Amino acid sequence: MGTDNLFQKRREDRRRRQYETKTPRANSYLIVTEGKRTEPYYFNGLKKLISEKVGGTVNVVQAPVIDICGKGWSTNKLLETAEKMVKEAKILYQHVWVVFDKDDFGDFDQAIKAAEEKGYHAAWSNQSFEYWLYLHFHYSDSGLHRDQWNEKLNQIFQENKLGEGTYKKNYEDIYDMVNSYDGVNMAIRNAKRRMAGFDKMRDRASEYDPGTMIYKLVENLKSYLDE
């Protein structure tokens, strides 16, 4: 038993030394999402556009590496998974983002703080990712339950004949759908407007309802498309 523990400790020490000597890969992103469908589909849609543009028309030294993983776990578990993925990755990611909602998790504020302490970016939404999707069409500062945001999206999808005429979490082309009529740029503008008064040193994200920091990640990634 003692020998096994010694070998395991040596292996972990060796892996840590290898990780610490890595140089961050330029333009590399790891995006770990709490949601298993909508969020990964959304960011994969953006990733596809970036890959197509970089590969076809933009001359860059190093194409962006964007790895996206949807887990469907609680926020603290999500951070543990992100940390494990970072340590086991073959490259050292330049940007690590964790994407999660408040929903009914009591560890929301602590998870944001823990993510930042690890050097990760927290793209959080209060209450849910659906609020961010709604901002692609309209501005709102109404504190609604996530089910109500779903209902509003249902109306929008019906009015605009998007998908099957109703909002669902399994639309793989959700990014293209909500980007109709320049929706993504509208969402960024709406989110900035809403979050202009948010001060993370003063305000608790769990009480800033509605709110979202998704726009920071999307704006960062969209810079590759806007070059």
Side-chain angles (χ1 to χ4, degrees), residues 29-47 68-79 81-82 95-116 120-154 156-157 167-171 174-175 177-179 183-200 203-222:
Y29 293 78
L30 174 63
I31 302 172
V32 185
T33 73
E34 177 187 38
K36 298 173 66 175
R37 293 176 294 176
T38 310
E39 292 92 324
Y41 289 154
Y42 181 94
F43 288 108
N44 274 313
L46 182 51
K47 173 183 175 180
I68 302 165
C69 182
K71 286 299 182 182
W73 288 331
S74 67
T75 45
N76 280 335
K77 182 66 174 178
L78 188 73
L79 292 179
T81 301
H95 309 281
V96 179
W97 288 81
V98 285
V99 180
F100 53 90
D101 299 342
K102 179 181 181 294
D103 286 339
D104 293 322
F105 291 118
D107 57 356
F108 187 63
D109 293 313
Q110 179 58 36
I112 295 172
K113 180 180 178 181
E116 293 174 346
Y120 305 160
H121 303 283
W124 54 265
S125 293
N126 183 6
Q127 286 195 355
S128 67
F129 189 76
E130 279 68 25
Y131 172 62
W132 164 251
L133 295 181
Y134 179 83
L135 294 179
H136 288 66
F137 303 91
H138 304 288
Y139 174 78
S140 178
D141 56 8
S142 300
L144 304 179
H145 189 271
R146 59 181 179 272
D147 291 342
Q148 292 174 290
W149 290 119
N150 289 346
E151 292 172 4
K152 285 185 171 293
L153 286 174
N154 277 332
I156 290 173
F157 273 57
Y167 170 67
K168 296 182 179 180
K169 290 181 174 292
N170 62 350
Y171 287 132
I174 185 66
Y175 181 88
M177 288 182 181
V178 298
N179 196 31
V184 174
N185 285 328
M186 180 182 291
I188 292 173
R189 290 193 299 269
N190 285 335
K192 284 183 174 180
R193 175 183 170 189
R194 171 56 185 162
M195 300 306 294
F198 179 78
D199 182 348
K200 69 177 183 179
D203 301 319
R204 293 169 61 89
S206 61
E207 298 174 355
Y208 208 84
D209 183 12
T212 182
M213 288 295 185
I214 298 289
Y215 77 93
K216 290 193 171 184
L217 172 55
V218 174
E219 190 173 44
N220 196 307
L221 292 173
K222 274 191 88 277

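Keep in mind the model is a prediction, meaning the values are calculated, not measured.
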Test applied, ring pair (Phe, Tyr, Trp, His ring centres under 6.0 Å); reference residue, Y167; option that passes from F157, F137, F129: F157

Side chain R194, main chain P210, donor-acceptor under 3.5 Å: yes

Please tell me if the side chains of V32 and V99 come closer than 4.5 Å, counting only heavy atoms from C-beta onward. no

Taking the side chain as every heavy atom from C-beta outward, state whether K200 and I112 have any pair of such atoms under 4.5 Å apart. no

Among residues two or more places apart or on two chains, list those pairs meeting salt bridge (Lys or Arg N to Asp or Glu O under 4.0 Å) that have a residue in residues 123-140. E130-K169

Pairing residues for A187 by the side chain to side chain contact (heavy atoms under 4.5 Å, CB included) criterion, not counting sequence neighbours: W132, L135, H136

Can you check whether K102's main-chain N or O pairs, donor with acceptor, with N126's side chain at less than 3.5 Å? no

Using every non-hydrogen atom in the two residues, find where A191 and T212 come nearest and quote the distance to one decimal. CB-CG2, 4.1 Å

Who are the side-chain hydrogen bond (donor to acceptor under 3.5 Å, both in side chains) partners of T38, not counting sequence neighbours? none

If you define the side chain from C-beta out and look only at heavy atoms, does anything of H121 sit under 4.5 Å from K216? no

For the pair S125 (side chain) and Q127 (backbone), establish whether a donor and an acceptor sit closer than 3.5 Å, ignoring hydrogens and angles. no

Which heavy-atom pair separates A123 from I214 by the least distance, and what is that distance? O-CD1, 3.4 Å

OG on S128 to CD on E39, rounded to 0.5 Å: 8.5 Å

State which residues pass ring pair (Phe, Tyr, Trp, His ring centres under 6.0 Å) with Y139; sequence neighbours excluded, sorted by chain then number. none

Distance col, row L79:CG vs Q110:CD, nearest 0.5 angstrom, shows 9.5 Å

Non-hydrogen atoms of T75 and D101 that approach each other most closely: CG2-O, 4.3 Å

Report yes or no: does S142 contribute a side-chain atom to a donor-acceptor pair with the main-chain N or O of L144 at less than 3.5 Å? no

Got a sec, which residues hit side-chain hydrogen bond (donor to acceptor under 3.5 Å, both in side chains) with N76, two or more places apart in sequence or on another chain? D107

Got a sec, which residues hit ring pair (Phe, Tyr, Trp, His ring centres under 6.0 Å) with Y175, two or more places apart in sequence or on another chain? Y42

Test item: N44 side-chain N/O and P40 main-chain N/O as donor-acceptor pair under 3.5 Å: yes

Would you confirm whether E116, through its side chain, and A122, through its main-chain N or O, come within 3.5 Å as a donor-acceptor pair? no

How many angstroms lie between atom OG1 of T33 and atom CZ of F100, to the nearest 0.5 angstrom? 11.5 Å

Can you name the closest pair of heavy atoms from D203 and G197 and give their distance? OD2-O, 3.5 Å

About how many Å separate CD of Q148 and CG of L153, when rounded to the nearest 0.5 Å? 12.0 Å

Can you tell me how far apart NZ (K47) and CG (L221) are? Round to the nearest 0.5 Å. 11.0 Å

Please enumerate all residues that pass side chain to side chain contact (heavy atoms under 4.5 Å, CB included) together with Y41, with sequence neighbours excluded. R37, E172, I174

For K113, all residues meeting side-chain hydrogen bond (donor to acceptor under 3.5 Å, both in side chains), sequence neighbours excluded: none

Are the ring centres of W97 and Y120 closer than 6.0 Å? no

With salt bridge (Lys or Arg N to Asp or Glu O under 4.0 Å) as the rule and sequence neighbours excluded, what pairs involving residues 69-78 come up? none

Hits for ring pair (Phe, Tyr, Trp, His ring centres under 6.0 Å) against W149, two or more places apart or cross-chain, chain-then-number order -> Y131, Y134

side-chain hydrogen bond (donor to acceptor under 3.5 Å, both in side chains) involving K192 - partner list, sequence neighbours excluded: E219

Is D109 reaching over with its side chain to a backbone N or O of S206, donor-acceptor style, under 3.5 angstrom? yes

Mind checking what makes ring pair (Phe, Tyr, Trp, His ring centres under 6.0 Å) contact with Y29, not counting sequence neighbours? H95

Any chance you could measure K222, atom NZ, to Y215, atom OH, to the nearest 0.5 Å? 15.0 Å

